Trainee: 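To start, I am sharing the structure in question, which I have written as structure tokens.
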There are 2 protein chains.
Amino acid sequence: MDTTQDTQEAHAVAAFHALANETRLRMLRCLVAAGREGMAAGDVARAVGASPSRASFHLAALAETGLVLSERAARQVTYRVDFAAIGGLVAYLLHDCCGNAPEVRRCCGLPAC
Amino acid sequence: MDTTQDTQEAHAVAAFHALANETRLRMLRCLVAAGREGMAAGDVARAVGASPSRASFHLAALAETGLVLSERAARQVTYRVDFAAIGGLVAYLLHDCCGNAPEVRRCCGLPAC
DNA sequence: TCCATGTTTCAAGAATCGTTGAAATGGGTC
DNA sequence: GACCCATTTCAACGATTCTTGAAACATGGA
């Protein structure tokens, strides 16, 4: 039996794994900075100092978890952060994982629930 | 040269790595549920269905990143979540990584900045 | 001291992950 | 078609991580 919780948990584990790498975390920050416009794969690669194949490998890993989306436009592939997916991860950490513990919320400058 | 940002980033990568494992994520949730009282290592092990050595390995990994703290009391070792550390990670994701993007905050039921 | 309990350490092996460079693919221009 | 540019795929290799069971360590009680 596979409960909703198990699925959520597996998804969270995958997302955390995606963020548990310096190259990927830097890529994500680049893409966040780029906003809704997104960035071409090659530009991300240059920005983080990764070879094309390395960049492709890590961008694919980010896309695999749904944290970023990709879209081909002519020759280039544009990657774009899925802000809702990141929000979902933060929500998981805050609500499901930490039960909205006031002390956690306080650390983020958030009002208690 | 090692900037503050690099240190922060390295710390975040380590924390995400700690959460990127089913056993450890379950342990963390157990410990959050246990609150300030914490839980003995053996109880955590039973709760997540891990052998003593496996539990010790993963609890040590969590402690290594500072997400949990340990304290020996008599024969037992009590593990306790460091709520501030988790809050710090959420804050990193929300502020440093996502620049407080309104769309991310909205997904967590947070007011825009 | 001897024994029982709780936890950590260790070594060995399997599995997963990340890097590299070369080759392949997709798509535009001449 | 021939050519170029952007990206992905692939195979090989090294590095890291996880699991397992046995042994060691720490502590308290008989």
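Within every chain, numbering begins at 1; the chains are lettered A, B, ... in the order of the sequence lines, protein sequences first and strands thereafter. Keep in mind that what you see is a predicted model, and the values were worked out from it rather than measured. Hydrogens, waters and symmetry mates are skipped; everything else that's a heavy atom, side chains included, is used.
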Trainee: I'd like to check the side chain to side chain contact (heavy atoms under 4.5 Å, CB included) partners of B/Glu64; sequence neighbours left out, ordered by chain and number.
Mentor: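 For B/Glu64, no residue satisfies side chain to side chain contact (heavy atoms under 4.5 Å, CB included) once neighbours in sequence are set aside.
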Trainee: Can you list, in residue-number order, the parts of residues 30-39 of chain A that come under 4.0 Å of DNA chain C, counting heavy atoms only?
Mentor: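 Nothing qualifies; none.
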Trainee: Below 3.5 Å, can you tabulate the donor-acceptor pairs from side chains in residues 84-102 of chain A to any protein atom, sequence neighbours excluded?
Mentor:
unit_1   : atom_1 : unit_2   : atom_2 : d
A/Tyr92  : OH     : B/Arg29  : NH1    : 3.0
A/Asn100 : OD1    : A/Arg105 : NH1    : 3.2

Trainee: In whole angstroms, how far is the P atom of D/dT16 from the NE2 atom of A/His17?
Mentor: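 Nearest whole value for this atom pair: 14 Å.
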Trainee: For residues A/Arg26 and A/Glu22, determine if any side-chain heavy atom of one lies less than 4.5 Å from a side-chain heavy atom of the other.
Mentor: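 The answer is yes, as the side chains (C-beta and beyond) meet within the 4.5 Å cut-off.
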Trainee: Start at the 5' end of DNA chain C and walk down; is the nucleotide closest to A/Ser51 or to A/Ala74 reached first?
Mentor: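 In this pair, the answer is A/Ser51.
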Trainee: Distance check: side-chain N/O of B/His58 vs OP1/OP2 of D/dT17, anything under 4.0 Å?
Mentor: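 No, no such contact exists.
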Trainee: With sequence neighbours excluded, give me every side-chain hydrogen bond (donor to acceptor under 3.5 Å, both in side chains) pair touching residues 30-48 of chain B.
Mentor: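 Applying side-chain hydrogen bond (donor to acceptor under 3.5 Å, both in side chains) to every pair that reaches into residues 30-48 of chain B, excluding sequence neighbours, yields A/Glu103-B/Arg36, B/Asp43-B/Arg46.
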Trainee: Give every residue pair that meets the side-chain hydrogen bond (donor to acceptor under 3.5 Å, both in side chains) criterion with at least one member in residues 81-91 of chain B, sequence neighbours excluded.
Mentor: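 Sorted result for residues 81-91 of chain B: empty, none.
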Trainee: What pairs of donor and acceptor atoms, side-chain ones from residues 53-60 of chain B against any protein atom, are under 3.5 angstrom apart with sequence neighbours left out?
Mentor:
unit_1  : atom_1 : unit_2  : atom_2 : d
B/Arg54 : NH1    : B/Thr23 : OG1    : 3.1
B/His58 : ND1    : B/Arg24 : NH1    : 3.1

Trainee: Please find the earliest and latest nucleotides of DNA chain C, in the 5' to 3' direction, that have an atom within less than 4.0 Å of any heavy atom of chain B.
Mentor: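 Boundary nucleotides touching chain B, in 5' to 3' order, are C/dA4 to C/dT9.
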Trainee: In the 5'-to-3' direction, what one-character label does each nucleotide of nucleotides 3-10 of chain D receive under the scheme B = base within less than 4.0 Å of a protein heavy atom, S = sugar-phosphate only, - = no such atom?
Mentor: -BBSSBB-
Trainee: Between A/Leu31 and A/Val44, is there a side-chain heavy-atom distance shorter than 4.5 Å?
Mentor: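 The answer is yes; the side chains approach within 4.5 Å.
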Trainee: Which side-chain hydrogen bond (donor to acceptor under 3.5 Å, both in side chains) pairs, counting each pair once, include a residue from residues 68-80 of chain A, with sequence neighbours left out?
Mentor: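 Non-adjacent pairs meeting side-chain hydrogen bond (donor to acceptor under 3.5 Å, both in side chains): A/Glu71-A/Arg80.
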Trainee: Can you name the residues that form a side chain to side chain donor-acceptor pair (under 3.5 Å) with B/Thr7, not counting sequence neighbours?
Mentor: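 Result, side chain to side chain donor-acceptor pair (under 3.5 Å) vs B/Thr7: B/Asp2.
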Trainee: In residues 106-113 of chain B, what donor-acceptor pairs under 3.5 Å come from side-chain atoms, sequence neighbours left out?
Mentor:
none

